[in-house]
Amino acid sequence: MDDPAANLADLRTDYKRAALDERDVVPDPFAQFTRWFDDARAAFVPEPNAMTLATADATGRPAARIVLLKEVDHRGFVFYTNYDSHKGQQLDARPLAALLFFWPELERQVRIEGSVEAVDAATADAYWRTRPRLSRLGAWASPQSAMLPDRASLEARFAAAEQRFPGDDIVRPPRWGGYRVLPVRFEFWQGRASRLHDRIEYRQEGASWRIGRLAP
Ligand SMILES: Cc1cc2nc3c(=O)[nH]c(=O)nc-3n(C[C@H](O)[C@H](O)[C@H](O)COP(=O)(O)O)c2cc1C
C-alpha cells in the first residue's frame with residue numbers, strides 16, 4: 001500500500017476562481033456575509049448553512065462539530081440544539097464560540113467569533129413550530145450527547161415520544177432551544193493562486209467595524 005501520508009502531501013489545489021479586495025467588500029459584515037451566502041446558494045454548495053461550531057470547556061479544552069445556521073440578523077447567528085449536550089455544557093461554562101463556513105465550490109471560508117447567548121423562548125418556539133413532526137419527536141427522544149446502551153434504546157425513546165404526542169401538537173422540550181453567536185470578528189477568505197489568498201477581516205470597534213487585510 002502507498003504511504004498515506006505521502007498521498008496527503010500531494011493533495012493540493014491552486015485556487016483561481018475569484019479575488020477579494022478591500023474595495024469589493026461592503027462596510028457591514030452581516031451584509032457581506034449575506035452576499036457570500038447567497039453566492040453559495042446560487043452555486044448549489046451542498047448544505048451551505050452547515051457551519052463548524054467551536055467551543056471550549058471550563059479548562060479551555062476545545063471541541064468542534066457541525067450545526068446548521070437557522071437565523072441571521074444584525075444581532076447574530078442562531079443555531080438550535082439541546083442545552084444539556086456537550087456543546088450546551090461548554091457554552092454554559094464559557095459563552096464564547098467560533099463559527100466556520102467552508103464553501104469549496106467557491107474557494108471561500110468565512111470565520112466568525114464572538115460571545116454566545118441563549119435565544120428567548122418565543123424565538124425558539126417559533127422555530128420549533130417550523131420543524132417537521134418527526135424532527136420534533138426526535139428532539140424529545142434524544143438526550144443529546146448522553147451515553148446510550150444501544151440503538152434499540154433510542155428507537156424505544158422515539159416510539160414513546162410518538163405515543164406521548166400522537167398529533168401535531170408537540171411542545172418544545174424544555175432543554176431544547178437556540179443559541180445566538182454575537183460576532184466581534186469576521187474574516188472572509190478567498191483562495192488565490194500560489195497561496196497568496198485574500199483575507200479581509202472585520203473587527204468590531206464600538207458601534208462600527210474596522211476592515212483590514214490579513215496575510216495569508
Ligand atoms: C450536517 C450536520 C448538521 C447538524 N446540525 C446540527 C444542529 O443544527 N444542531 C445540533 O445540535 N446538532 C447538529 N448536528 C450534530 C452535531 O454535529 C453533533 O453531533 C451534536 O450536536 C452533538 O454535539 P456535542 O456533543 O458537541 O454537543 C449536525 C451534524 C451534521 C453533520
Side-chain angles (χ1 to χ4, degrees), residues 30 33-34 36-73 75-106 108-158 161 165 170-183:
F30 291 94
F33 177 84
T34 302
W36 271 26
F37 186 75
D38 291 345
D39 289 348
R41 291 190 68 176
F44 298 105
V45 171
E47 306 218 55
N49 62 329
M51 55 188 185
T52 300
L53 164 73
T55 55
D57 69 12
T59 68
R61 184 169 136 159
R65 78 293 281 158
I66 302 276
V67 293
L68 295 178
L69 176 67
K70 286 294 169 180
E71 290 151 34
V72 57
D73 60 24
R75 289 170 299 169
F77 291 71
V78 175
F79 62 91
Y80 287 91
T81 193
N82 184 310
Y83 288 136
D84 294 327
S85 64
H86 289 153
K87 75 182 85 51
Q89 293 171 27
Q90 288 156 6
L91 288 170
D92 268 354
R94 286 200 171 194
L96 296 170
L99 300 174
L100 177 75
F101 295 86
F102 176 42
W103 296 317
E105 290 81 353
L106 299 174
R108 286 176 174 174
Q109 165 180 257
V110 181
R111 296 169 57 172
I112 295 162
E113 292 154 19
S115 58
V116 179
E117 63 179 25
V119 306
D120 61 69
T123 303
D125 284 337
Y127 172 65
W128 172 257
R129 286 192 289 271
T130 70
R131 299 186 91 211
R133 177 166 185 274
L134 297 182
S135 304
R136 282 177 283 155
L137 292 174
W140 270 105
S142 172
Q144 193 178 50
S145 309
M147 194 69 84
L148 293 171
D150 50 27
R151 170 91 200 172
S153 66
L154 180 62
E155 288 173 5
R157 291 177 68 108
F158 188 86
F165 303 106
I170 306 170
V171 297
R172 178 171 58 87
R175 299 297 293 157
W176 187 98
Y179 286 107
R180 180 177 289 112
V181 178
L182 316 174

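The first residue of the sequence shown is numbered 1, and numbering continues consecutively from there. Just follow the structure's listing: the first ligand is 1, and inside any ligand the first atom is 1.
- Panel note: side chain R111, backbone L100; no donor-acceptor pair is recorded below 3.5 Å.
- In terms of the salt bridge (charged side-chain N to carboxylate O under 4.0 Å, His left out) criterion, E105 has no residue partners (sequence neighbours excluded).
- Aromatic ring pairs are classed by plane angle as parallel below 30°, tilted from 30° to 60° and perpendicular above 60°; the pair W103 and F101 is tilted.
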Is there any protein N/O under 3.5 Å from an N/O of ligand 1, and what does the full list of such pairs look like?
unit_1, atom_1, unit_2, atom_2, d
ligand 1, 8 (O), L68, N, 3.0
ligand 1, 9 (N), Y80, O, 2.9
ligand 1, 11 (O), T81, OG1, 2.6
ligand 1, 11 (O), K87, NZ, 3.4
ligand 1, 11 (O), Q144, NE2, 3.2
ligand 1, 14 (N), I66, O, 3.2
ligand 1, 17 (O), I66, N, 3.4
ligand 1, 17 (O), I66, O, 2.7
ligand 1, 21 (O), K87, NZ, 2.6
ligand 1, 21 (O), Q144, NE2, 3.1
ligand 1, 23 (O), K87, NZ, 3.3
ligand 1, 25 (O), H86, ND1, 3.3
ligand 1, 25 (O), S145, OG, 2.6
ligand 1, 26 (O), R65, NE, 2.7
ligand 1, 26 (O), R65, NH2, 2.9
ligand 1, 27 (O), S85, OG, 3.3
ligand 1, 27 (O), H86, N, 3.2
ligand 1, 27 (O), K87, N, 2.9
ligand 1, 27 (O), K87, NZ, 2.8
ligand 1, 27 (O), S145, OG, 3.3

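- Residue pairs meeting the side chain to side chain donor-acceptor pair (under 3.5 Å) criterion with at least one member in residues 128-140, sequence neighbours excluded: R136-D168.
- Taking Y80 as the reference, Y127, W176 meet the ring pair (Phe, Tyr, Trp, His ring centres under 6.0 Å) condition, with sequence neighbours excluded.
- Looking at R65 and T55, their side chains do bring a donor and an acceptor atom within 3.5 Å of each other.
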